[in-house]
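So the structure is just underneath, and the comments pick up after that.
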Amino acid sequence: SLPSKPQVYESERNSQQPTGNLLSYPPRDQIQKAPPFQLPTPLISFSYDEDHVQEFTDSALRYYKPIPLESLGGRGPSGQGGIGRRDQGTRGGYGYGVDLNYGYERWIRRPEERGRLDPLLRAVEKVCFRGGDSEGHQEGKLRLKDISIVAWRGVMTKILTAPYEERDGWSMNVMLVNGTLYLEEHLNEEKLLDKNNVEDRQRRNMYYGYAFESFCTTEPSSSGSEGNSSNAKDEHSTSTSTSHKQDDKNPLWGGDVNTNVQWCSVVKTKLGDMRIIIGGEVDCVKGNYHPHTTDNFVELKTSMTIRKWNQGDELRFDKKLLKFYFQSFLLGVPEIIVGFRTAKGQLASVESFKTIEIPRMVRGKPGGWEPSVCLGWGYRFLRRLLDTCTEGRLWRVDFLPGSGARLRELAGEQTAEVTNNEERVGFLPVWYHVNRP
Ligand code: A3P
Ligand code: MG
Ligand code: MG
């Protein structure tokens, strides 16, 4: 029953029910019954190089390097209290100060594109085998048939946090192939243009996040002491190649930002009885890299300093923690290191959060949230997709802020928008879709 050519969806009937199939979000303020979420284990990792070409190496992996406290505005830890406290004079007389505008003109920015699943599917090809119980089995590989869901971490985060989303609606494409659901965010031309034409202010704010990553990470040194956090300076003095990586104006700088470069981990996990394969970027690791655990993965974030007297600041931050939390939780990232900055990009303080402790921090607060709401919702929603979506067809989910998720099957001309004249079956690359027993 699987379509064999990209354009097979023309003859859809019943494809546009006026209302679709709406699944409502649960109430946000009650603890929900939620299935357990299994600790993710890494299956494979890969890198994107300077041209965003995928390679199955760890070339883009970076190591955490704490920013010396005396480089921040204050006088070290004494006398500083509270989360993201605002320090006086963020360019204190110690060291260089950390200016997140540093290197902005040299930022090589990856254009926003459709979040296709192709790189993740290449990883799935390497770690899964196809076929039934007896056929095709390969030692150490997972049976693709046993996997309920394949998706990028970003999409899974958006699904789980949808009950708390108050503003932004978004859409997702869905296909069920041999019992496995494939999910990708649907970006239409307009949304793509929006993402690429951000205003200068917003563009700079985005850059602050990447600059923070550069300041507190280092490449593995070629001299072998990889993961040692104090080798950044040595690299500086001994490096002969890639001169753009070091800089003589700020010794804390970890190299100019090229957002094409990313290191990704692909993990397996389980939500209740659903096995899930998730791929996502990991900002860096602490200490040595161990390929079989996420224990020393670190997520880096920036956020505006929280003014003690300003309840709005705290509320906004607590709301943001929902996304920080699930983004990291879904890949098994145990630590989130937040750089608090001023509006103009001066780093004021750095604070580490243990991912599992975050729900307790926000519970009962004005900007608080309840993770069981998200997990319970996520399970019911994904179960609904598994039960409703027909094999090999293209489905669309519209997430409506404040109400729920609407599910419908797409008709011919709409599938053309998804495929965008590429050789695809729905949104899946032909090589992945046809390459099966
Ligand atoms: P912050 O980390 O300071 O938010 P990530 O944190 O996921 O590793 O992403 C690194 C940076 O990419 C972010 O910095 C932010 O600047 C940018 N970024 C990530 N997701 C984004 C989104 N949905 N919209 C705009 N910018 C985003
Ligand atoms: Mg990142
Ligand atoms: Mg980050």
Side-chain angles (χ1 to χ4, degrees), residues 45-48 52 60-64 67 84 98 100-104 107-115 152-159 161-162 165 167-170 172 185 187 191-217 254 257-265 278-286 294 297-306 316-317 319-343 345-353 355 399:
S45 58
F46 61 83
S47 297
Y48 295 104
H52 206 64
L61 173 63
R62 299 189 63 94
Y63 292 88
Y64 182 66
I67 295 174
V98 177
L100 300 176
N101 294 284
Y102 194 80
Y104 180 64
W107 177 18
I108 299 172
R109 188 180 171 208
R110 176 165 71 96
E112 294 286 344
E113 52 203 23
R114 293 206 155 72
W152 289 116
R153 179 262 312 270
V155 166
M156 293 298 293
T157 305
K158 282 190 154 192
I159 292 172
T161 59
E165 180 56 53
R167 205 184 47 194
D168 301 325
W170 64 286
M172 182 172 85
E185 179 168 8
L187 289 175
K191 271 209 158 172
L192 267 179
L193 280 174
D194 283 357
K195 280 200 151 193
N196 278 302
N197 297 325
V198 296
E199 288 178 14
D200 282 359
R201 184 72 257 160
Q202 197 193 338
R203 196 183 137 95
R204 204 170 267 274
N205 286 344
M206 281 174 73
Y207 180 75
Y208 293 154
Y210 298 121
F212 180 62
E213 291 178 3
S214 176
F215 275 117
C216 49
T217 63
V257 178
N258 178 340
T259 40
N260 285 300
V261 179
Q262 289 178 301
W263 185 72
C264 293
S265 177
I278 305 176
E281 193 198 10
V282 177
D283 290 335
C284 61
V285 300
K286 223 177 198 181
T294 65
F297 285 9
V298 175
E299 170 62 41
L300 302 170
K301 287 285 178 198
T302 58
S303 199
M304 287 278 277
T305 46
I306 298 165
R316 272 187 292 277
F317 184 69
K319 285 187 174 185
K320 258 172 105 167
L321 280 176
L322 170 66
K323 283 175 184 163
F324 289 11
Y325 173 74
F326 273 110
Q327 178 187 21
S328 289
F329 177 84
L330 284 165
L331 272 195
V333 178
E335 184 177 11
I336 304 172
I337 294 177
V338 182
F340 290 95
R341 62 163 179 85
T342 65
Q346 305 302 313
L347 193 65
S349 61
V350 176
E351 191 137 347
S352 160
F353 296 88
T355 306
F399 290 86

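Start at 1 and go down the list; that is how both ligands and their atoms are numbered. By convention here, the first residue in the shown sequence is residue 1.
Two residues are said to be in side-chain contact when any heavy atoms from C-beta on lie closer than 4.5 Å; R109 and R203 meet this criterion. At a threshold of 4.5 Å between non-hydrogen side-chain atoms, the residues Y63 and V285 count as touching.
Checking T157 against Q327 by side-chain atom types alone, no donor-acceptor pair falls below 3.5 Å.
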**OP:** Starting from the C-alpha separation in whole Å, work towards a yes-or-no answer on side chain to side chain contact (heavy atoms under 4.5 Å, CB included) for C216 and L300.
**Re:** CA-CA 9 Å; C216 49; L300 302 170; 4.0 Å; yes
**OP:** Applying ring pair (Phe, Tyr, Trp, His ring centres under 6.0 Å), run through Y207 and Y210 and close with a yes or a no.
**Re:** CA-CA 5 Å; Y207 180 75; Y210 298 121; 7.3 Å; no
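Under the side-chain contact (heavy atoms from CB on, under 4.5 Å) criterion, E165 pairs with R167, D168, K323, not counting sequence neighbours. When the ring-ring contact (aromatic ring centres under 6.0 Å, His included) test is applied to F324, no partner is found at least two apart in sequence or on another chain.
Contact residues for ligand 1 (protein heavy atom closer than 4.0 angstrom to any ligand atom): M206, G209, Y210, E213, D283, E299, L300, K301, T302, Q327.
Aromatic pair F212/F215: centroids not less than 6.0 angstrom apart.
Protein N/O/S atoms closer than 2.8 Å to the Mg ion (ligand 2): E281 OE1, D283 OD1.
Judged by distance alone, with hydrogens and angles left aside, the side-chain atoms of T355 form a donor-acceptor pair with the main-chain N or O of V333 at under 3.5 Å.
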